[in-house]
Structure formats: structure tokens, C-alpha cells
Student: 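Shown below is the structure under consideration.
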Amino acid sequence: MDKAVVLRGITKRFPGIVANDGITLEIEKGEVHAIVGENGAGKSTLMKILAGIYQPDEGEIYIFGKRERITSPGRAIELKIGMVHQHFMLVNRFTVLENIILGAEKRAGMVIDEQKCRKVIGELLSLYNFSLDPDARVEEISVGQAQRVEILKVLYRGADILVLDEPTAVLAPQEVKELFANLRRLKEEGKTIIFISHKLDEVLEIADRITVLRRGRVVGTVVPSRVTKEELARMMVGKPVFMKLEKTPVPAGDVLLSVKDLVVRENTGKPAVNGVSLEIRGGEIYGIAGIEGNGQKELAEAIIGLRKTSSGQVTICGRTATGLSIREIRDLGVAFIPEDRHRQGLVLPMKVWENMILGYHRKKEFLKKPSLNLKTAREFTEKRVKEYSVRLSSIDQSIDGLSGGNQQKVILGRELSRDPRVIIASQPTRGLDVGAAEFVHEELLKKREEGKAILLISADLEEVLSLSDRVGVMYNGRITAEFRPEEVTPEDVGVYMLGGGVKAGEGA
Amino acid sequence: MFLSELLASSLRMAVPILLTALGAVFTERAGVVNIGLEGMMIVGSFWGALGSYYYGPYFGLLLAMAAGMFLALIHAVNTVTFRVDQIVSGVAINILAYGSCRFLSQAIFKMATTSPHVAGLPKIDIPVLAGIEFLKPLVSGVSPIIILALLLVPLTRFVINRTVFGLRLRSVGENPLAADTLGINVFRMKYAGVLLSGMLAGLSGAYLALEHTGMYVEGMTQGQGFIALAAMIFGNWEPAGALWAALLFGFSEALSFRVVEGGAIPYQFIKMIPYVLTLAVLAGVVRKSTPPAADGIPYERGMK
Amino acid sequence: MKRKYLITVMRILAPVLAIVLSAFISSIVILAIGKSPWQVFYTIFRFSLSRLDSVAIILYNATPLIFSGLAVSLGFRMGLFNIGVEGQYLIGAFFAALAGFTLKGLPAVIHLPLVILCGALGGMLWSFIPIYLKVKRGVHEVISTIMLNYISYSLIHYLIADVFMDRTQKLLDGLGSMLARTPKLPPSALMPKLHGLLGLFGIELPRHVYLNWFFPLGLLMAGLTYYLLMYTPFGFELRAVGQNQEAARTAGIKPERVYMVGFLLSGAVAGLVGLSDLLSYFGYMDLDFPRNYGFDGIAVALIGQNNPFGIIVSAMLFGFLKRGAEGIQTLLNVPMDTIVILQAVMIMSIVVITKVMNDYIKRLEKKEDVRVCSSQNSSLQV
Amino acid sequence: SKQEQQPQQQQQQGQQAPETEKLKVGLVFDVGGRGDLSFNDSAYAGLERAAEDFADKIEVEYREPSGGGQDREQLLRLLAENGYDLIFGVGFLFTEHIQKVSQEFPDVKFGLIDGFIDGLDENSNVTCLLFKEHEGSFLVGAAAAMKSKTGKIGFVGGMKTPLIERFEVGYMAGAKYVNPNIEILSDYIGTTGEAFKDPVKGKELALKQFKAGADVVYHASGASGVGVIEAAAAEKKLAIGVDSDQSLTAKEDQRPYILTSMLKSVDVSVYETIKSLVEGNFKGGYSVFGLAENGVSYAVNDYNKELISDIQPKLDELKDKIIKGEIKVPVDKKEYQEFEKSLFK
Ligand SMILES: Nc1ncnc2c1ncn2[C@@H]1O[C@H](COP(=O)(O)OP(=O)(O)OP(=O)(O)O)[C@@H](O)[C@H]1O
Ligand SMILES: Nc1ncnc2c1ncn2[C@@H]1O[C@H](COP(=O)(O)OP(=O)(O)OP(=O)(O)O)[C@@H](O)[C@H]1O
Ligand SMILES: [Mg+2]
Ligand SMILES: [Mg+2]
């Protein structure tokens, strides 16, 4: 039988970097094939080549045994290759329905046959058990839902080869389960699935075979039953990785961040945060678990001053922060790692070093009045780049040429290295490879030991549970439960994340 | 009587702005800023007059639209194919329109700035309504283009919102990369949007020359291409919004004609009325304007 | 290495090639009117570059466009489209004129700077309205600046023709026509020409050339703008806001504040646009005061890619085209409309060709980069 | 270096055409240029006629300033440098420029239309060609008042400048003179030079005046007047043209609605100036063209003959009185107010 996809000697170069360096890879029909690798290993690039977005500089592609030149995304669709991108390719202002049908509209003449489209989508929704409102605008739905839209887009087009680039990064454990169930079903239907993830447990669970990439090259292809997580990690990074967190007990300090009865409204007037109270002491990590879209983002943004609060109060290091400007709040010693790095974290066309000082550019060490001190700024950047092993060709390159994970590292380097007293970290390791994620975790724990107060918001339940001293579950704008992580299992927390059970706040 | 005349005058003043603004909706929804609309109106007025002079008004209108589309094609080649800055290309197109009309007018009519008199379309009376005395100025002797322009508003809306073409056009202006990954020919959609805008701007120019004045006069577009652009933005990139904005502008202009001059207010201030009123309305009505997300950004595959 | 060499050569040749190719395209237009392209271009270059007065006039022509291009580019840099430079410079020029003819008896060292300051102030004032409306009321700056341009025309007309008109102009029994203009500015308010300075270097400019100190001032302003943008914290913020408003806001920058300050700066620079004409050529402001510098500035800024030094070059290009136009109109009888067409074709082909060449150079560079890098990479151990 | 170049060029000129030795006459248009159907065209007509009549003695050229008109002075200077003997500047905007350039080139003669330069005399190298537009406007104002049945007439001006205001006051004075009770509506199109190229607004303003009861409208608005005439034809009321005889250029079906036009013979003034140069008696200073000199008048042609015949005797009588000085036509708003007062005395 012909293989679904055969890549032979694929090479793709970007300025200063060889993203794919002679990659040869075979993917069987009907298998789930995982691709793992460090940040910047070239996974997305390889998949984009398969999807017709990039053209390889060298190499050949065979789809079901036939040599193909995938010159455009349109050609990829003709070949029944569908891709769910790491950075969603959705039209934010369109509805879910419009996004799904775009380019493959059911039509009556020149007019869109909305009824028919609706029917087909309805069938898909019930077949795969997706809860999605086809008329909701994409800009208003949660990331997890957006993910489903992306998958639906592919299914709607009847793709035989599905490429999923880090689909689980934004999903809650339950959602991951659902996704995997669906992937298995698709596999049974005979579809071929290429799956990219940094979460090795997941990979080991779902994949039939795993290919490891490092620095643009194939390190090897393995079968899950014959490797351990540690071995896999070592293949990726090239050296042993210790995946155990050492959490030393830290004496609780003063309350550094306190939120009281906070209400934050959306533009529509609907409360997104509905009376949240919490207190975080120095030396404490407070984790917020929850499915995305339950007010975590708004909570974080309200604390940092990006959103107006309707009522309630935020106090930082003993000073009322409500009503202060973002800059003033940051000057109180608050670091902020936003969840959407492209929108809020980085100025993409600007250089790496410029992004590294963004927001801190008026600090003394970066000024040589009346101008910026380019020298110290660059030195600072070089240091962080080394520390966080950011993979780049030059700090003068514009940051949009960096891989997703490396971009995140720049943000972390910027926000964590300036001795903040309060750290608000939204999805800090989203999209980071194991090595980098581990580094970030250590960094957060170090800050904890230094007596900082940390608010950690993450969809990665395992991360929340292993790092936090206390965990709150956010559902529907409220903190519906609070635990000490050692008291609960992920499953317990998952129940609350989905709105089940109500447990009165303890401790705080 | 005064009121209905005021309204009739408003409508006459609004129509060229409306037509061009509808064109602007098409091009901007496809993500191409077209500041060359003024130039496309200019060639519309000239070629409309030229066509009508030799072969009658219908031919004139066709020629005007073709001329507008020709300039639009240049704009599309510049901005979509070569990805030149959209505003520079528009500015150059305005200059080209001005120069070429002057050149051709001199060559063909032996007058640089005016054409001979030309015929317009037969005016029509709207049945039934034209019988009502009060409405007479509004509904009798109306240029068919005015009616066409008004009909184009719901039509444009329908095309943009309900057709396959419209959906794809919008997607290209919002997120061309996403559209591209779905196999939509981004370039073709952008070309279509720009060409449509040229066609409508050309028609609008022809309205001025054939229907309103009965001849081409250099500079008769009076910057209305820019006003139309403003109207389109004012109307939040929507056809219906463009209609209201154009009407507001036409109305305030008609109103300014009727403010008695020589009174206490210096006439220069009366001339400001349309602009001041527009600003005042804008400042008073707080509405968030949301341009298409990728408006003005040239698209190139393989770029982030 | 050969490729690297090629890139350098291309870098230098690109603008030259762009001009040559655009001249080639323009030749079609020239042939269409039955003239010889060779002769036309020869005349343009000879007339513009071999006469001292032409060279000076080109610089003089470029002066207002440098200011205008800078003003527009400041807007673009922060993501705003200031179509209102047109109105801003007219109001600025009027303010300057007002300070010029109302204040009497001041020494030039005080009067002239004061007049220039008033020009900047006037432009700033007129740019305050749209930016205030934008920041406070969400009014799109393109609409408000277009409207304000029209308003400024009427306002200027009112101020000049009705309020400050110089009615002391002599007529013959009411015959002839007074210019609708302000009183003349006293010499203490006028900008000295560059003749004196250039004389020191043995360059004797003819008297009818109006090249004045605003030209070096324009160059200085470009340098300052570059410094502001690339080296100061404010310039950093301005660029950040222009490229990602939301990220800038998250980083603690107030986009509204940046818009406000940046736009006022843009307006202040715009206020200087008309001063070279006002303070050296006319000596008064009239209803016929030069128009369109604001619109030309848009093209100048964008052709110069919003880079202050690029703007100087593109302003000179515009000045050159204008002077060349005078030459071929006078010497070869090429009609004005053909010249206008030529200018449009030139602008268009220059931007298209520059763009295509730059893309090509970029691709070459990429390959160069890749080569260097893959030789490093091959030593990597797997 | 320019001083060096100049004689050089003149030398060249001398070498090139020793036998013909034609006089060179140049003309620089105002913005709008050739083909504006009024002022500039009229000047061009004079130039053309001279070129025909003196074909063996002169050669003529014209130039157009670019968009904003900033290069008026450069064009004058370049013509002067290139050995032109007589150069016209069409329009009062040339006043300062001709003043400057004429001093730089004392051997070149200049004709300035509509502009006044102080202190010239017969020996100057500049002659100012000045028109009494108010006198001509007075006559058409009288005609309008006599033809009006509603007792209401209108005036549409382009941009308000002292020159256009002279048209307006002359017109109002003439109308009031024959009918002190006449009501005059007066509008201007805009506040920039563009107002002379805006037939759309011209038409709307005229329509408004007609709807408000006016039945004759006079315009002084260049190409915008096309709209005024169009409005008159549409409303079946009367329009009065300006500068040249606009009945001749109007559409067939518009002609019945053009009462007359106020003629301003710029062509005559240009022609006469060239003629004086050719005949060797060019004089500097001022040439005034009023009713007496036939420099301004009202149009009578095949199309309006019948329309105007009943009031012609009266118009001729008024013309006589003006020429004799019995009526002093006001030239500005202030004089007009006095004039109006005197009527009621
Ligand atoms: N458009 C581009 N321009 C320049 N360089 C790029 C571009 N896209 C990717 N790269 C570079 O190519 C390398 C591989 O990037 P890629 O996005 O494929 O990594 P990845 O394996 O998906 O990483 P991550 O896990 O962080 O998403 C990175 O070093 C990145 O900097
Ligand atoms: N872009 C900005 N966003 C928010 N606040 C700002 C911004 N720029 C300045 N500020 C605030 O306004 C104050 C005064 O502004 P100013 O420009 O003088 O800043 P600064 O920090 O004193 O830096 P410098 O004097 O070096 O320019 C600053 O101290 C700061 O608190
Ligand atoms: Mg990736
Ligand atoms: Mg990633």
C-alpha cells in the first residue's frame, strides 16, 4: 500500500537559519504520526510546506505514492491535505459558519446557500460532539472553540490527511480527551493524522509513531511502546532533561497582591469577571485553573490595568492599583506575561532587542538622556538570549522571524529578569518545548523562593497543580473552588472546571 | 416646496459621493486602500462626456466606467501585483488622471479644460409620486443614475454579505493569509474589488458631466473622491453607512446653498457648513469604526 | 562572495536603474506627442543640472516638500494618516504672516525666530483638532483632516480677504485688481537667502533664486526627526504604537498620549512647510498662496519610505521634476499636460521598479545569508 | 553665471535668424490655462489673431503654469531669457512677478492684464491693460432688471475677490438704477480658485436663486457658469454670460435662455498691444478699456437679437451716459452704497 505522505530531503532556509535540513519522513496511511522537537526545530515549517504555504528549497514530496508539487494552499486542499495551524488562520470578524465554509461554500448560483451550509455543519458538530454556535463571531469565542473551528474547517473540506500543529496547547484536559477521541474516530475512518505537540504524555498516548526533529533534522522515528518520556525528551534536546520539580517550602510573606470583589464587564455589559476575591502572599504561587474563556484573561488584564473594573478593588504591595495607569501599576513592580503574545506581548515588525526592552525602555539603565542607551539595551538582550537559549540569527532581526516558542522566551526574558514583586503569568509555557518549559518553571519557582507573589493562569492543569501553592478554579467569571494541590487529583479539578460541583473557597 | 427642493438638491449632491463611496467599500473590503478614486472620477467625467459627445449618453456611461476601471487596473497592478504602497499609487493615479484628461481634451476638443455640451440620459418622472405637488422636485425629472445609485446600496449590501464573491472578498481584506490557505485566489479577489471601485467612481464622474452639468469641466469633481472616501469610513465600511454619510454631506451642502448670504455670517463660514457639520456629527455620534483588519497591507504569500 | 558584491552593486544601482527605466516608460508618452525622448531627457538634465540657478531652484523647490514629507511620515510612523498637512501648513503660514506683519520694530534675531515659531504653533493648533477628536471621540483622522483642509481654505479666505486684507494697495481709479493679500512683512521677519553663505565658497547665485536658510533647516529637521524616531524613548514608543498599538499599551505606553504628542509634532513640522515661500519669495500671504504641498508630501514621504533621509532624496526628486518641466516647456514647447502625465508615470514607475529591485535584493541577501549559515550549520552534531 | 548666459543666448539668436528677425511674443496663462472658455481663451484669441495678421513679422508662444501656479515668475523669466520681445501675463496674479522680472530685463516689454503696477510711464517696459468690468456689468444689470418679471434677479460669483466683487457691484448698480425696488440675490461658489471650475455648485446655486423667485441670473464664475446657464435652461429662465459671448458656445437648446453676455475684450487689448509693438510705437503705462474704448460691452447676436431688442435703446442710452460721465458706476461696495443712496434721493 502506498504511504500517505513521503517527504524526501526537504530543505527550507530562512535568512540566517536552515529551518528544515534535508528531512526525510514517511507517514503511513491511517496512522497518527506525531512530530516533536524543541522550539524552532522546524516542525511548523515542515508542515507549512506540506500545506503549500512555503515552497521547499530542495526535496520531493509524494502524496499517496504520487510525486506532487504543492505550489499553493489551494493545491494542498485539492490533495485533501488539511492543516490546523499553530497560530490560527481564522477571520476574526467572521462568524464560525463563515469561517468554516469560506472557500468551499455550498451555493445556489452566486449566492451562498446558508441553509445547506448550516445543515452540513450541524451534522459535523453532532458527529464529533462539538459544542459551537455557528453564528458566534470568532473574535468572541474562546481559544478552545477557535481550535474546533479550525478542525471543522478541515473536516468540512473532507481532508484525508490532517495536520494539527500544537492543537492541545490551548485545551483543557477534558477537551484534550475529547480531541483524542475524535482523532481516534478519524483514524478509524481511514484518515491520516500528523500531530505536533510539546506534551510528551499526550504524544505517547495518541501516536502510532513519533518522529523527533532537532535543529531542522530528523533525529529518529520511534514507536511509543518502546520509549519512555525521558528518552524522548533526551532525543529532542540532545541531553538529559530532569522533569521533576523541586518545590522547597517557603515562609509566607506579606500579602503583595489582593483582589477584592472584582467585577469586570465586557463591552457588551456582561460581566466577564463576577466578584472575584483572592490574596497572594510573597513566596506563593496562586494557580488559576479553568477552561479558557471563563474570565481568566479579563482578570489578569484588570489587575495590570488594561481593563476598566466596574467595581471591586485591586491592591498591589499595599497600594490601591484600581484606577492607576498600566505604567504606574508596572512601576509598582508587576510583571505581566500576556496569553496572546502576538497581540499583546510583542511588536512583531520590531527587532528582537527592541522587543526585549519594550515597556522598560524608560528605565534608567536603558537611557542616556535624552536618548536610549542602545549599548546597554543590546547587552541586556544578549544576556537574556543566552540565558533563555533563544534561537535566533541576530538580535537585530525582526522578531516575527522567530519561532513561536522563541518569541515566548523573549517575553519571559523581558518580564522576569527585572526583579518584579508580583508576576502575572498567563499561559507562560504555551508552545514551549520541554526544555524551555522546564526552565520557565524553575524560574517561577526561583521567584517564589525570592518571595515574589505569582499569579499563574494556565490551561495546563498539570502545570498548575505542580507549581502552585494554592489553586483556584475559575468558571463563568467566578472562582468556584479553591484547593491545595496536594489534596486533589487532576480529575477532581476537572469537574469544577466544567462547572460541576461547588466548593466554598478555603484558606483565602 | 422649500423642503422638498432642499431634499432634491441634497440628493443630487449626494449621488456622486455615494457612488464613489460604494466603490470604496468594495476596494477597502478587499483590503486595498484606493485614494485614486478622485482620479477615477475625473476620467469618468471626461470619458463620459467624450463618449456621449460621439455616440450618446449610454455609450458615454460605458466609456466612463471603462476608463475608471482602466485606472483601477493600473492601481491593482501596482498594489496587488507589485505590492507598491497603496497611497503612493493612488496619488500618482490622481495626477495621471488630471494630466491625461487635460491632454486628451486639448487633443480631441481643442480645449484643455472643457468639452462641448453633451447629452445626458433622458430624465424620468416617477409614476404616481410625480403627481403629488409637494414631492414634485424630488420625483420628477430625475436622472436615472440617481435611482440607480440608490438601488446600488441594497445590491452592494447583498453582494457583500450574501454572495460567495462577497464572502471571499471580505475574507481577503480581513485575513488574506487565512483566505489563501483555503485556496482562495487572494490576488483575483483584490483585483475584483479595485476594479469595481474604479467602475463605480467612473460612473460617478459621468454623472457629474452628463447628468448634472451637461459637459465636462476640468476639476469638476472638486475633491469629491476624497469626500467619498471619508463617507465610506464614516459609514463604517458598510454600503448603508456610506449612504447615510453621503446624504448627510449632500444635505449639509444643499443647506449651505440656502443659508442667506450677506447677512451677519461671512460667506466663508457658510461654505464651511458641510465640513463642520460632518465633524460635529462624527464627534457627537460615538461609534467605533473598524476597518477591515488587513486594510492597506500588501499581501505576499509566505510572509507572516 | 560574488553574490555579496552583486548585492552592493545593486544597492547603488537600484535608484539609478529605477530612474532610467521610468524614463524609458515615459518615452512612450513623449513619442506619443511626436517629440524625441532623447531630446526631452537631454534637455531636462541639461537644463536642470548644468545651470547653477536650476540646481538652486531644485533645492528651493524641495524645501517645502522636505517639511511636508517629514510631517506626513511622522503620522505614518505611528499608524495615522495625516492628510491634513495641507490645512496645517496654510494655517501655520498664516500665523507666521500674522506675527510678521503685526509685530513691528523688532530686531530680526527676535522677530524671525518668533515668526517661525508662530508658524509651527499654527500648524500644531490645526493638528490639535483632529487628534483631540480621535483620542477623545474616536473620530477617524482621515475624515477629520480632510474636512479640516476644506475648513482651513475658507478660514484663510476669510482672514485674508475680509479681516487682514491690505487695502493700502494702489489702484488706478479702482481699476486693476488688488491682490487679496495680507500686508507685507517687514524685512526683520524675512528669511535671508543662502547667497551670502554660498558666496563664501565662491558660488555666486543669481539674484532671482530664492534658495534660503529653510533648506538647511529642512535638512536639520530631517536629522532631528531621525534622531527622535530611532534614538529617543518617545520615538521608540511612537514606532511601537504604530506597529502594534495593543502590545504597546500592554507594555505601559499610552497610545493616546503618543498619538497626541506625535500628531502635534507632525502639525508643528507641517506649520513650517509654507514658510520658505512666505518668508523669502512672497513676503506676504495671499489667496493664491501655493497649494498642494500637503498632498505632495504624502507621495514624498512614502517614496522616501518614511525615512527622513529618504524623504530628502524624494523631495529633491520632486523639485527636479518640477524644474525639468519648466525647462522642457520653455525650450522644447512640450505642453504642460504632457509634463503632468510624465510626472505621474515617473512616480509610478519609480516606486514600482524600486520595489521590484528591493525585493530582488532581499532575495539575493536571503540566499547569501543562507549560504553563510549553512556552512556553519554543517558542523552541527546530531 | 546667468548674466553670462544671457548675452550668449541672445547672440545665438542673432546668428540663427539674421534675415527674418521676427519679433517674439510670449504669453503666460493663468492657472486654468487655454480652453477655459473665458478669460484665458480670450487672451489667446488676441494672440492668435495677431499671429495671423502679422505672420511675417512675429512668432508667438504661450506657456501654462503648473497646478498651483507657483512657477509664474519662472516662466516669465525663462521667456525673457530666451529672447522674447513682448511677454504677457494673463491675470492680476502676475502683478508682482511682472514687476520683478521687468526690472531684471529692461529691454523686454511686458503686458499685464488686469493688474496695476504703480509708477509706470510711457517709457516703462510694462503696460497694464485694465478693464472697467463694472461698466459692462452695469449694462447687463440694467438689462436684467428690465427683463425681470418677478422683480428679483441673481448673481453668482466664483470666488470672492476684489475683482469679482467689481462685477457684482456694477451689476447691482445697473439693476438698481433702472429699478430701485429690484431685489438682488447674490451668491459665491467657493473660497478657492477651484470655485471657477465648479459647474455643479454653479448650477445648484443658480437653481436655488431661480426657485427663490429670481428670473435672470448673471454669473462671473468662469467655467462654473456652464452650470448657471444649464440651470437657466432647465428652469426656462434667463442667464447672462461673462467675458466672451457665451451664446456662441452654448448648446442649441440653451441659447434662448441666454439674455446676453458681458463682454470683456481681453483679446482686443492683447491684439492692440502686439500691434503697437509691431508698428514700433509700444508705450508703457496704462491702457484702460471701458465702454468708451469698446473694451467692455454687452453681446448682441443672432440668438438674442429678438430677446433684447426692446431694451436695446435704453441700454444704449445708459451706455452713453456712462461714457459721458453722467453716471458714475461704483467700483466697490463702499461706492455702491453711496450710489444706492443717491438713487433714492
Ligand atoms: N517566516 C520566517 N522567516 C524567518 N525565519 C523563520 C520563519 N518561519 C520560521 N523561521 C525560523 O525557522 C525556524 C523553525 O521555525 P518553526 O516555526 O518551524 O519552529 P517550530 O518547530 O514550529 O517551533 P515552535 O515549537 O516554537 O513552534 C525557527 O528558528 C524560526 O526562527
Ligand atoms: N508614553 C507614555 N505612556 C504613559 N506614561 C508616560 C508616557 N510617557 C511619559 N509618561 C509619563 O509622563 C511622565 C512625564 O513624561 P516624560 O516624557 O518627561 O517622561 P520621563 O519618564 O520623565 O522621561 P524623559 O524625561 O526621559 O523623557 C513620565 O514620568 C511618565 O510617568
Ligand atoms: Mg511551530
Ligand atoms: Mg510552538
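Naming convention: chains lettered A, B, ... in sequence-line order (proteins, then strands); numbering from 1 in each chain.
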Student: Between C/N244 (side chain only) and A/P349 (backbone N and O only), is there a donor and an acceptor less than 3.5 Å apart?
Tutor: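 No: the side chain of C/N244 does not pair with the backbone of A/P349.
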Student: By a 4.5 Å heavy-atom criterion (distance strictly below it), what part of A/R330 contacts chain C: side chain, backbone, both, or neither?
Tutor: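 Side chain only.
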Student: Which value, rounded to the nearest 0.5 Å, describes the distance between C/T250 atom OG1 and A/R341 atom CZ?
Tutor: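 One gets 14.5 Å once the value is rounded to the nearest 0.5 Å.
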Student: Would you find more than 12 non-hydrogen atoms of other residues, nucleotides or ligands less than 6.0 Å from C/F309 atom CZ?
Tutor: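 Counting other residues, nucleotides and ligands, CZ of C/F309 exceeds 12 neighbours.
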Student: Is any side-chain heavy atom of A/P370 closer than 4.5 Å to one of C/F234?
Tutor: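 SC-SC contact between C/F234 and A/P370 ruled out.
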Student: To the nearest 0.5 Å, how far apart are CE in C/M230 and CD in A/E354?
Tutor: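 The CD atom of A/E354 is 6.0 Å from CE of C/M230, to the nearest 0.5 Å.
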Student: Enter the distance from C/R239:CZ to A/K351:NZ here, rounded to the nearest 0.5 Å.
Tutor: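 NZ of A/K351 is found 7.5 Å from CZ of C/R239.
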Student: Which distance, rounded to the nearest 0.5 Å, do you find between the CG of A/L306 and the CZ of C/R249?
Tutor: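 Nearest 0.5 Å value for the CG-CZ distance: 7.5 Å.
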Student: Counting only heavy atoms not in A/R384, do more than 12 fall under 6.0 Å of its CZ?
Tutor: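 Buried by this count: over 12 neighbours within 6.0 Å.
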Student: Could you pull out the closest heavy-atom pair between C/Y227 and A/S371, with the gap in Å?
Tutor: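 Where C/Y227 meets A/S371 most closely, the heavy atoms are OH-CB, 3.0 Å.
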Student: Over all heavy atoms of both residues, which pair between C/A247 and A/L358 is shortest? Give the atoms and the distance, please.
Tutor: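 Closest pair (atom of C/A247, atom of A/L358, distance): O-CD2, 4.4 Å.
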Student: May I have the list of side-chain donor-acceptor pairs in residues 74-85 of chain C shorter than 3.5 Å, sequence neighbours left out?
Tutor:
unit_1: C/R77; atom_1: NE; unit_2: C/N306; atom_2: O; d: 3.2
unit_1: C/R77; atom_1: NH2; unit_2: C/N306; atom_2: O; d: 3.1
unit_1: C/N82; atom_1: OD1; unit_2: C/G84; atom_2: N; d: 2.9
unit_1: C/N82; atom_1: OD1; unit_2: C/V85; atom_2: N; d: 3.4
unit_1: C/N82; atom_1: OD1; unit_2: C/Q88; atom_2: NE2; d: 3.2
unit_1: C/N82; atom_1: ND2; unit_2: C/Q88; atom_2: OE1; d: 3.2
unit_1: C/N82; atom_1: ND2; unit_2: C/S266; atom_2: OG; d: 3.0

Student: Could you state the interatomic distance from NZ (C/K254) to CZ (A/R327), rounded to the nearest 0.5 Å?
Tutor: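 The distance works out to 8.0 Å.
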